[in-house]
Amino acid sequence: MFAAERRQLILEMVRANGAVSLRELARVVQTSEVTVRRDVRALEAEGLLDRRHGGAVLPGGFTRESGFPQKSHLATAEKTAIADLAAGLVEEGEAIVVGAGTTTQELARRLARVPGLTVVTNSLLVAQALAHANRVEVVMTGGTLRGSNYALVGSGAEQSLQGLRVSRAFLSGSGLTAERGLSTSNMLSASVDRALVQAAAEVVVLADHTKLGTDTMFQTVPTDLITRLVTDEPPAHDDRAATELQALADQGVQIAVAGSSASGGTGGDPLPAGRQPRRDVPLPGPRRGQVVPGSGPQLRSATVMGDQPPAERARVADLRRR
């Protein structure tokens with residue numbers, strides 16, 4: 001395929017979907033990510049699209065929301081790995097809420113095997129995935145059906161969540177930044193997601209690496225309310241995604257990376273050569289962050305000497321003098 005043909009196809013994919021990862025573009029045009037990155041850079045120079053962390057979006061800063069048919073074919077391997085890892089967080093007999101989205105739909109398919117589970121959701125796709133699970137109770141919100149993502153939204157959905165209390169909320173979205181947290185492109189969806197968050201003791205965000213650093217119009221979960229992020233391993237060259245992970249960890253978000261041996265997850269892409277798996281290290285308070293040893297920006301431990309006992313501080317100071 002000639003460069004002009006590749007770039008036209010890339011442009012058509014971005015226009016159709018709103019946001020597309022470099023991996024997906026490379027797969028469709030049957031070339032390397034290096035070549036696709038060069039094409040995206042050229043199209044950005046012409047003002048036809050904007051580059052984002054590991055992908056490309058429509059020009060204008062904020063991405064629009066894609067419909068379900070488009071999103072269901074994007075980053076499928078990453079979503080599968082994330083869902084595998086997130087399912088391991090759910091225990092037998094637990095009560096949880098699961099929001100709308102293609103990644104949460106993948107999670108629901110795995111939750112069908114958890115006995116005694118109660119799942120509250122506003123997503124028809126999540127409910128459908130659990131419909132034939134004999135030992136899982138599904139509770140649906142009320143509301144008005146939003147056809148683009150098969151979710152129930154509006155005042156009916158929000159009112160049905162009042163007074164509800166569960167252990168965890170599993171949510172996805174259109175973008176995630178350390179500055180604003182999780183966001184989405186639709187006001188009605190954002191409002192219901194906020195109601196889901198209020199019903200949960202902990203909030204788990206499911207977001208593949210292409211959403212890191214992407215900001216959309218309506219905030220759903222501020223960073224300080226996110227307990228854990230389950231994501232996939234960013235490409236080795238994507239230093240900006242690693243920087244965003246660092247910023248999230250610095251704010252106390254626990255980070256679990258699908259495919260990392262330390263995360264305990266299964267599936268996902270293997271770690272690139274020369275990079276080490278991430279491991280959890282203590283952060284202030286009850287949360288835990290994550291460290292990326294090896295190349296690229298480091299996820300630093302937020303523990304400081306002022307938090308240590310006096311004897312321990314003296315021992316560390318003595319070791320430093322040596």
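Atom set for the values below is all heavy atoms of this structure, side chains included, hydrogens, waters and symmetry mates excluded.
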Of all heavy-atom pairs between [X] and [Y], which one has the smallest distance, and what is that distance?
{"X": "Phe218", "Y": "Asn186", "value": "CD1-C, 3.6 Å"}
{"X": "Ala86", "Y": "Leu206", "value": "CB-CD2, 3.6 Å"}
{"X": "Ser189", "Y": "Asn149", "value": "OG-ND2, 3.9 Å"}
{"X": "Leu248", "Y": "Ala178", "value": "CD2-CA, 3.6 Å"}
{"X": "Thr141", "Y": "Ser160", "value": "CB-OG, 3.2 Å"}
{"X": "Val192", "Y": "Asn122", "value": "CG1-ND2, 3.4 Å"}

When you compare the side chains of Thr210 and Asp208, does any donor N or O come within less than 3.5 Å of an acceptor on the partner?
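Thr210 vs Asp208: donor-acceptor pair found between side chains.
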Would you call Asp232 and Arg23 a salt bridge, using N to O less than 4.0 angstrom?
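Yes, this pair counts.
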Main chain of [Y], side chain of [X]: is a donor-acceptor contact present, judged purely on distance under 3.5 Å?
{"X": "Thr231", "Y": "Ala207", "result": "yes"}
{"X": "Gln219", "Y": "Arg180", "result": "yes"}
{"X": "Thr103", "Y": "Lys79", "result": "no"}
{"X": "Arg41", "Y": "Arg51", "result": "no"}
{"X": "Thr184", "Y": "Ser174", "result": "no"}
{"X": "Glu5", "Y": "Phe2", "result": "yes"}
{"X": "Arg146", "Y": "Gly154", "result": "no"}

Would you say that [X] contacts [Y] through its side chain, given a criterion of any heavy-atom pair below 4.5 Å between the two side chains?
{"X": "Arg228", "Y": "Leu89", "answer": "yes"}
{"X": "Val205", "Y": "Val253", "answer": "no"}
{"X": "Thr177", "Y": "Glu244", "answer": "yes"}
{"X": "Leu182", "Y": "Val203", "answer": "no"}
{"X": "Arg109", "Y": "Glu106", "answer": "yes"}
{"X": "Lys211", "Y": "Ser172", "answer": "yes"}
{"X": "Arg110", "Y": "Asp84", "answer": "yes"}
{"X": "Val126", "Y": "Leu130", "answer": "yes"}

With sequence neighbours excluded, give me every salt bridge (charged side-chain N to carboxylate O under 4.0 Å, His left out) pair touching residues 165-176.
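For residues 165-176: Glu94-Arg168, Arg168-Glu202.
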Taking Ile10 as the starting point, is it possible to reach Val34 by hopping between hydrophobic residues whose side chains are less than 4.5 Å apart?
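They do not share one cluster, since no chain of ILVMFWY contacts under 4.5 Å joins Val34 to Ile10.
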Let me know which of Asp193, Val221, Asp215 forms a side chain to side chain contact (heavy atoms under 4.5 Å, CB included) with Ser183.
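One option only clears the test, and that one is Asp215.
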Mark yes when over 12 heavy atoms from residues, nucleotides or ligands other than Gln128 sit less than 6.0 Å from its CD; otherwise mark no.
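Not more than 12 within 6.0 Å, no.
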Enclosure of Arg135 CZ (heavy-atom neighbours >12, cutoff 6.0 Å)
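Counting other residues, nucleotides and ligands, CZ of Arg135 stays at 12 neighbours or fewer.
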State the CG-CE distance between Leu49 and Met13, to the nearest 0.5 angstrom.
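So the gap between those two atoms works out to 12.0 Å.
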